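Here the structure is a predicted model, which is why all the values come from computation and not from measurement.
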Amino acid sequence: MSTAKRHFFWLAPVLSMLISLPSTAAIKQTKGDFEDKFRQLDEVLPTPNVYRNAAGEPGHQYWQQQVDYDIDVKLLEDERRLEASETITYHNNSPDTLKYLWIQLDQNKFRDDSMSALTTTFGGIGNRGPGTQAASGDKPAKLSMGALRRQQFVDDNELGYTISRVEDKSGNDLRHTIVGTLMRVDLAKPLKPGSEVTFNIDFAFNIVEEDAVSARAGYEHFPDDEREGGNDIFLLAQWFPRLAAYTDYEAWTNKEFIGRGEFTLEFGNYEVDITVPADHIVSSTGVLQNPKDVLTKTQRDRLKKAEKADRIVFIVSPEEAIENEKEGTSKLKTWTFKADNVRDFAWASSRKFAWDARGYQQGGDTQPLVMAMSFYPKEGGELWQKYSTESIIHTMDVYSRFSFDYPYPVAQSVNGPVGGMEYPMITFNGPRTELRDDGSRTYSLAEKRFLIGVVIHEVGHIYFPMTVNSDERQWTWMDEGLNSFLDGVAGREWDPTIPWGVEPRDITGYMKSQTQVPIMTQSDSVLRLGPNAYTKPAVALNILRETILGRELFDFAFKEYAQRWMFKRPTPSDFFRTMEEASGVDLDWFWRGWFYTTDHVDISLDSVYKLRLDTEDPDIDFAREREAEMEKPKSLTDIRNKEEGRKLWVDRFEDISDFYDENDRYTVTNKERNKYKKFLDKLEPWERKAFERAVKEDKNYYVLDFSNKGGLVMPIILELSFEDGTKEEMRIPAEIWRRTPKAVSKLIVTDKNKELVSVTVDPDWETADVNVENNHYPRRIIPSRIEAYKNKPRNTYEYRDLMHDSKTELKTDDDEDKDDE
């Protein structure tokens, strides 16, 4: 190291001299482009008020509406139609006087003139349901068979509500106006704060075939053959006109239901009479009020036995369900269910259902006994018998630990055409077994994982948002993201080998993609809902728990949020503020980066400098300089001259040598020694003590230069590998970026015998860093694969061998059957 480029390192408290390295921070950070990644989030969040305070708690004047329903509904099985009458009692707990009420008519979404239908694009990203693909270059457009099926079903059926009566409790007509998936009911007189109003609606609609239209509910018809045996499963959700929410933060949440943004609703009490064919089994939100009218004594006895059973008890066995499928009846039965303090109501009905149950003894005062129950056809098979009800109980066991005791008397999983959907006390879940030619039913590992995962996820939704009542229409992540985080926790406590999709590595592809939008984007405008509303917020919370806050602080704060807002309606600001207030950690930088931007994590370790403290003693430092000079690569010319035996001129003629041929630039004189003595004499006693100790210890000083290529500030997690084979972990908080968010340098000091040989950033992939290759210093050879392949002929019309193909004989149906065999 030359004298001109010597670097002196002095600890700031010891001397005023500072290290002067060409750090990344100094190079990248320029005047005028500074962005404060740590500025307070309050400039974005709503101002705290009497309804929602600055701590993220419900304010001392918090309110929410209550809506009670008394419904009489009849399933017309052959027509696949519902006809119903409901009495609605609306309690105005707000401080506002209401002149009208807004009611959700979700079934109108399926009308061919709905906003959903008219704004569905051909091809493009983010469409739900059967696929289409626009033409691209010389590739033709594509229309899936599912898309054709959906189009034909909508053409062949009259969909949406028929509203035949809207009257007050005295029988007087109420003026009402239908606006797409909403209906405004004008009240006869303004509804003042603290008052209530009761009115009636008669309605009917044709039930959609779920497999055809890709809905959250509907019917599924099984083929009328010997293998399947015909019959239908009916899953009924979003089936009755119900009040839109009226809130302190938005007033009426009367946004059109397009299909993706689910719903936000009011809590209330329900009493529902469900009339179905007498041989049907019904699963429903609520508690069955008339078991003697609809269940046999044997079934009632089995249900009682299941309360204290260690494993499932069949209320209706699979064998009994198969026999039931063979029957048929024109008789009807009415099942009556009551549910208190729920925000929605769903049910299912079929003669195909087997029914198993097991009591979950959770103890406590809230709901000591919860009946976990599953309903499934023979197609569910052993897969459902083994895993459905057990998954329900496992979910409650884990989720209650993170939030609150399960608050309702039943928790149900129902098999049908819906892949996964949740409602209070009841969930719809899709995986099934496969019927083989030998009559057996088997299932793949993927189907097993799917069932366990979807049951955990959907039952978890009974906590979020069916109890912690977030607004899914606006902020899908508040239910899907929080629930995905928790289902990942519960899932890994079931089987950590199942890929639960909530690890940091699971979101890196999305975070560096061009289709990312901020998490805080309204649901219907999100380009890719799965990564945006499920995976990214779940990963964010996973990182917050495991890497930033630690489990103790996170778990306390998360449980505080859940308990503050159970049976209430939180907003994102309430969640953000509660997590900060209860953990005691400022997380504004985290919420801003992960939830409000499309920045990604890409922290690069650009360089590592090894420094050695100069002793200022010329006899030591000049010798070090000479040694460093000698270690530099030699001149290739000099090397080859020696190889050729060429002698230096001064060696050939010794009489021309002088003082400088015996002494080089690193020769020490008394002038330097006097300077060193003068330097020591000027030090204060404490300075000299600190300096001499540092010289004696002769530690290693490493300066690491980092650049933030992704824009998202995160903690820097380091694995330090040393020459002696040991490794150490170092965790640097995200606040290191607070002054220079584009680049920072960090000093690491090690003992003299602790030589650093390599550094890895985020070695365990904790932070969702999208490029792990720039995390290594020195850089490593990137592992990958190469695969040999053979060119395939182009699939175009002119490349067909017509001469050969024209000789092909046309096959009959019998020939096709033989080929299959």
Exam field: side chain Asn415 to backbone Gly430, donor-acceptor pair closer than 3.5 Å: yes
If the test is side chain to side chain contact (heavy atoms under 4.5 Å, CB included), which one of Trp347, Trp335, Phe345 qualifies with Val272? Phe345
Please check if any side-chain donor atom of Thr87 sits under 3.5 Å from a side-chain acceptor atom of Asn200, or the reverse. yes
Any residue meeting ring pair (Phe, Tyr, Trp, His ring centres under 6.0 Å) with Tyr249, in chain and number order, not counting sequence neighbours: Trp475
Walk me through it: do Met421 and Glu262 pass the test side-chain contact (heavy atoms from CB on, under 4.5 Å)? CA-CA 11 Å; Met421 198 60 206; Glu262 291 178 345; 3.4 Å; yes
Under a 3.5 Å cutoff, is there a donor and acceptor pairing between the side chains of Gln516 and Lys536? yes
For Asp279, which of Lys333, Lys331, Arg351 qualifies under salt bridge (charged side-chain N to carboxylate O under 4.0 Å, His left out)? Arg351
Just by distance, do the side chain of Arg569 and the backbone of Leu265 share a donor-acceptor pair under 3.5 Å? yes
Using only atom types and a distance under 3.5 Å, with no angle test, would you say the side chain of Asn269 pairs donor to acceptor with the backbone of Asp68? no
Test applied, ring-ring contact (aromatic ring centres under 6.0 Å, His included); reference residue, Trp477; option that passes from Tyr534, Phe595, Phe464, Phe485: Phe595
Side chains of Ser114 and Ser116: is there a donor and an acceptor less than 3.5 Å apart? no
For Thr285 versus Pro424, what's the shortest heavy-atom pair and its separation? OG1-O, 2.8 Å
Does the side chain of Gln474 come under 3.5 Å of the side chain of Glu250 through a donor N or O and an acceptor N or O? yes
Restricting to non-hydrogen atoms, name the atom on Glu210 and the atom on Pro417 that form the minimum distance, rounded to 0.1 Å. OE1-O, 3.0 Å
With a 4.0 Å cut-off, would you call Glu266 and Arg242 a salt bridge? no
Nearest 0.5 Å, please: how far is CG in Leu118 from CG in Asp112? 8.0 Å
Ring center gap for Phe257 and Phe263 short of 6.0 angstrom: no
Quiz question: by atom type and distance under 3.5 Å, do the side chains of Asn483 and Tyr399 form a donor-acceptor pair? yes
Check step by step if side-chain contact (heavy atoms from CB on, under 4.5 Å) holds for Leu182 and Gln104. CA-CA 5 Å; Leu182 294 158; Gln104 295 184 186; 4.2 Å; yes
Assess the residue pair Met478 and Glu472 against the criterion (side-chain contact (heavy atoms from CB on, under 4.5 Å)); give the C-alpha distance rounded to whole Å, side-chain angles, the decisive distance to 0.1 Å, and a yes or no. CA-CA 7 Å; Met478 287 197 73; Glu472 302 161 86; over 6 Å; no
How about Asn172 and Glu167: does a side-chain donor come under 3.5 Å of a side-chain acceptor? no
Taking C-beta and beyond as the side chain, do Ser470 and Phe575 meet within less than 4.5 Å on heavy atoms? no
Can you give me the closest heavy-atom contact between Asp106 and Gln238, atom names plus distance? OD2-NE2, 3.2 Å
Would the number of heavy atoms belonging to other residues, nucleotides or ligands and lying under 6.0 Å from CD of Gln563 be above 12? yes
Do NZ/NE/NH1/NH2 and the carboxylate oxygens of Glu220 and Arg432 come within less than 4.0 Å? yes
Under a 4.5 Å cut-off applied to non-hydrogen side-chain atoms, are Trp252 and Leu98 in contact? yes
Could you check whether Glu379 pairs with Lys352 (Lys NZ or Arg NE/NH1/NH2 to Asp/Glu carboxylate O, under 4.0 Å)? yes
Quick check: closest heavy atoms across Asp232 and Phe222, and the distance to 0.1 Å? OD1-N, 4.3 Å
Any non-hydrogen side-chain atom of Ile71 less than 4.5 Å from a side-chain atom of Trp239? yes
Is it true that Asp224 and His221 share a donor-acceptor pair across their side chains at a distance under 3.5 Å? yes
Any Lys/Arg nitrogen of Lys74 or Glu83 sitting under 4.0 Å from an Asp/Glu carboxylate oxygen of the other? no
Phe240 ring center within less than 6.0 Å of Tyr69 ring center: yes
Can you confirm whether more than 12 heavy atoms, excluding those of Phe404, are under 6.0 Å from its CZ atom? yes
Could you tell me whether the side chains of Ser573 and Arg52 share a donor-acceptor contact shorter than 3.5 Å? no
Residue pair Ser374 / Ser413, side-chain donor-acceptor N/O under 3.5 Å: no
Are Leu101 and Val197 side-chain neighbours, meaning at least one heavy-atom pair lies under 4.5 Å? yes
So for atom CE, which belongs to Met520, do other residues, nucleotides or ligands contribute more than 12 heavy atoms lying within a distance under 6.0 Å? yes
Between Lys568 and Tyr62, the two heavy atoms sitting closest are CB-OH, 3.5 Å
Criterion ring-ring contact (aromatic ring centres under 6.0 Å, His included) against Trp384, the qualifying member of Phe375, Tyr376, Phe353: Tyr376
Between the main-chain N or O of Glu422 and the side-chain N or O of Thr427, is there a donor-acceptor pair closer than 3.5 Å? no
Please round to the nearest 0.5 Å and tell me the distance separating atom CG of Asn206 and atom CZ of Arg80. 11.0 Å
N/O donor-acceptor pair under 3.5 Å between Gln412 side chain and Ser284 backbone: yes
Roughly how far, to the nearest 0.5 Å, is the NZ atom of Lys255 from the CG atom of Asp524? 5.5 Å
Can you confirm whether more than 12 heavy atoms, excluding those of Arg175, are under 6.0 Å from its CZ atom? no
Aromatic centroids of Phe110 and Phe205 separated by under 6.0 Å: no
Member of Asn429, Thr395, Ile426, Asp487 meeting the side chain to side chain contact (heavy atoms under 4.5 Å, CB included) criterion with Val459: Thr395
Kindly determine whether Val179 and Trp102 satisfy side-chain contact (heavy atoms from CB on, under 4.5 Å), including the steps that lead there. CA-CA 10 Å; Val179 185; Trp102 280 102; 4.1 Å; yes
Straight-line distance of Asp168 CG to Phe199 CZ, nearest 0.5 Å: 10.5 Å
For Thr334 and Asn290, the nearest pair of non-hydrogen atoms, with its separation, is O-ND2, 2.9 Å
Check this for me, if you would: do Lys338 and Asp340 make a salt bridge, where the nitrogen-to-carboxylate-oxygen distance has to be below 4.0 angstrom? no
If you round to the nearest 0.5 Å, how far is CG of Asp186 from CZ of Arg184? 4.5 Å
Does the side chain of Glu480 pick up a donor-acceptor pair with the side chain of His457 at under 3.5 Å? yes
Between atom CD of Glu209 and atom CG of Asn157, what is the distance when rounded to the nearest 0.5 Å? 8.5 Å
Do Asp202 and Ser85 have side-chain N/O donor and acceptor atoms under 3.5 Å apart? yes
Hey, are Asn341 and Tyr408 close enough side-chain-wise for a donor-acceptor pair under 3.5 Å? no
